[in-house]
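Take a look at the structure below.
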Amino acid sequence: MGADLLKAFPVETRRLLWLIGLVFITVILFQFIEFPKGSALWSLFSRGEVPVPKDLSLVGENSTSLSSNLSSPSVTDTSIISEDRNNSLVGLDEGRNGSLTLEEDPEPGNITELNSSSIDTRKEEIALPPEDNGNLSLAPIEPSVAPLSLPHNVPPNLSMELSTPPPLLPPPLVHVSEKKPKSKIYEKDVLTLSDMSEELIQNYLSPPTMVPRWSSKVDKDLVLAKQLIENAPPLNDGLYAPLYRNASMFKRSYELMEQMLKVYIYKEGDRRIFHRPPLEGIYASEGWFMKQMESNQHYVTKRPREAHLFYLPFSSRQLEEALYVPNSHSHKNLIQHLRDYVSMISTKYPYWNRTEGADHFFVACHDWAPSETKRIMANCIRALCNADVKEGFKFGKDVSLPETYVRKARNPLRDIGGKPPSKRKTLAFYAGNMHGYLRPLLLQSWGNNIDPGMKIFGSMPRSKDNRNYINYMKTSKYCICPRGYEVNSPRVVEAIFYECVPVIISDNFVPPFFETLNWESFAVFVAEKDIPNLKNILLSIPEKTFFRMHMRVKKVQQHFLWHPKPLKYDLFHMILHSIWYNRVFQFRPK
Ligand SMILES: *[C@@H]1O[C@H](CO)[C@@H](O)[C@H](O)[C@H]1NC(C)=O
Ligand SMILES: *[C@@H]1O[C@H](CO)[C@@H](O)[C@H](O)[C@H]1NC(C)=O
Ligand SMILES: *[C@@H]1O[C@H](CO)[C@@H](O)[C@H](O)[C@H]1NC(C)=O
Ligand SMILES: *[C@@H]1O[C@H](CO)[C@@H](O)[C@H](O)[C@H]1NC(C)=O
Ligand SMILES: *[C@@H]1O[C@H](CO)[C@@H](O)[C@H](O)[C@H]1NC(C)=O
Ligand SMILES: *[C@@H]1O[C@H](CO)[C@@H](O)[C@H](O)[C@H]1NC(C)=O
Ligand SMILES: *[C@@H]1O[C@H](CO)[C@@H](O)[C@H](O)[C@H]1NC(C)=O
Ligand SMILES: *[C@@H]1O[C@H](CO)[C@@H](O)[C@H](O)[C@H]1NC(C)=O
Ligand SMILES: *[C@@H]1O[C@H](CO)[C@@H](O)[C@H](O)[C@H]1NC(C)=O
Ligand SMILES: *[C@@H]1O[C@H](CO)[C@@H](O)[C@H](O)[C@H]1NC(C)=O
């Protein structure tokens, strides 16, 4: 602990320096805008290597006019507790009961099947709060969940609506408690999507990464790839441009990945945690990626010297399963396990030390992954489901990993698709448990069938194969994806899967593949504070715009699908691509 504290200082200092640098650059950029080419200062930066920002700043250019409005200023929190599952702690049960792992029965019986919609709905039926009760109290709503939930960092005071449960909530995890306590539900500082884009651009411009200690032949590939991507030819066919920040750069980068990228996978690791992919449930993305990466013939190399990237093949889900001590409210030992692992590979091989981990990556969907890895794997490219700006997500380095709820590993595409847009009669749909502070607010505003267009429920009544839930997704125009305990939710991908336009209500959530996709062209972002206005916001979207977004959801769908054998542009390749892309743009040669 003492050592940790000591370490914290240089980190903070560096962060401060970095901030000052950012401000400086911003000032310079402004000067440049005001005095084009005249500024002597600007010339410091114009080494002909900066076309990136221009292209990237086209983000959301073709977004629906609305969404830019919608995603505007907002208020939020981020920090509170953990996400969408029986909760993190209870997430344990999920594996045991819910057949998350390969070894387990793929037909888990009633639990996963009946209450599938997402882990939420597996919980007990929830009584909807009385509509007109201004002070929604959580305690009666989540009786069985709260005690089990293991919050990341429960603010000392959840205030207002949330003030009831604290006695039930366990103390925060030890290492998270270093954070400043929060006294409000909403945070003041919410990054809008355009703020996020700015930060991404800045970080590509001057990446906060270290230069390798010694050069390697693969470094040249990265430099070359960057040049080629920046000079990508115009798109001639194939991809549908409005879905991307810059479709030609994406296409070029993807092709270069196919031609160049080599990945080395470390063979070491405790078999309970490493090389053991969970293929079902809400953490399935880390498992599917691991399985498909490890069995890949094209990208994987046995010769680490020719690798551009090094994969640390652990499952954050299995880490919890293997090492978390129930009711300990501490994941110190989980972190220690990862620390020992890093120490082992960095002693046994020279590769980690060469870049201090900057060319190493992992893919982790568990709620705890950001906090478990933020120190020991700080330089790694972290693909995280819990892609929360407030949990230390670094734009241009970290990757937002889609959370996919795989119900049947044998058939991940089951039930895909939905009604055509004209047959979607329900304006908006949500069903799920009352995780976190936001969903009760959503229900309070729109639950109880208060409005015939707004189908906003707690958990849905039981139905075979979760038919009710799926049917709503297939027949609604907009599917509401509010944050749970954490910012991420499997609903975002579910909505795309069933061709429903996602409405993301989760301040400071970085949407998946943010470095590549132009999210505002096919999804609606609503600030948490705007929930009371949700219906008006949705109604104000012209029908034409809705049709266009629906069409785009169908087009972007290919990027969010698991296939038993990976296909071009599918989810496996998109994850690998974002990792590759960030490595290329982060890299600075020696
Ligand atoms: C962006 O939108 C404008 C106006 O809606 C349209 O003219 C243009 O073709 C769009 N660009 C792309 C790349 O879709
Ligand atoms: C935001 O919405 C308001 C009213 O709905 C509209 O007047 C304004 O032009 C919009 N702003 C943007 C940037 O779309
Ligand atoms: C979820 O929580 C409920 C109530 O605490 C518990 O009975 C159930 O076993 C849990 N399910 C999972 C998957 O964790
Ligand atoms: C689910 O897990 C819980 C806790 O591990 C256990 O008590 C319960 O019996 C399990 N239920 C099933 C159906 O396996
Ligand atoms: C569902 O699970 C419960 C308890 O785990 C068990 O008693 C019941 O028989 C199961 N029902 C079905 C249809 O599998
Ligand atoms: C909460 O609601 C209850 C019942 O509706 C009411 O008696 C109580 O005064 C309310 N408390 C606050 C703080 O509004
Ligand atoms: C917690 O909330 C209570 C009542 O709302 C208030 O009196 C107290 O000062 C708060 N504590 C903190 C640490 O914010
Ligand atoms: C995309 O990037 C390419 C290469 O940097 C650039 O030439 C092009 O103008 C960009 N296109 C758009 C729509 O920003
Ligand atoms: C990498 O650095 C660590 C700490 O500086 C050192 O202990 C380790 O021996 C180095 N690894 C190699 C292979 O030299
Ligand atoms: C989920 O399953 C549990 C246990 O099988 C059951 O008690 C609960 O009613 C189910 N909830 C839904 C929404 O089906």
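Ligands are counted one by one from 1 in listed order, and the atoms in each one are counted from 1 as well. Owing to the predicted nature of the structure, the values given are computational and were not obtained by experimental measurement.
With sequence neighbours left out, the side chain to side chain donor-acceptor pair (under 3.5 Å) criterion links W519 to no other residue. H360 meets the ring pair (Phe, Tyr, Trp, His ring centres under 6.0 Å) test with Y266, F310, W352; sequence neighbours excluded. A search for ring pair (Phe, Tyr, Trp, His ring centres under 6.0 Å) contacts involving Y478 returns F546, not counting sequence neighbours.
Side-chain contact check for E286 and S316: at least one donor-acceptor pair (N or O, by modelled atom type) lies under 3.5 Å. Side-chain N/O atoms of S315 and R276 include no donor and acceptor closer than 3.5 Å.
Figure legend: R245 and F514 shown as a cation-pi pair, the cationic atom lying under 6.0 angstrom from the six-membered ring centre and within 45 degrees of its axis. A cation-pi arrangement is not found for K390 relative to F393, the charged atom failing to lie both closer than 6.0 Å to the ring centre and inside a 45° cone about the ring normal.
Looking at R245 next to ligand 8, no N or O pair under 3.5 Å apart turns up.
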I'd like a table of the close N/O pairs between ligand 9 and the protein (anything under 3.5 Å), one pair per line with both atom names and the distance.
| from | atom 1 | to | atom 2 | distance (Å) |
| --- | --- | --- | --- | --- |
| ligand 9 | 2 (O) | N353 | OD1 | 3.2 |
| ligand 9 | 2 (O) | N353 | ND2 | 2.3 |
| ligand 9 | 11 (N) | S346 | O | 2.6 |
| ligand 9 | 11 (N) | N353 | ND2 | 2.8 |

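Close approach of ligand 8 to E230 is summarised as follows: ligand atoms under 4.0 Å from at least one heavy atom of the residue are 4 (C), 5 (O).
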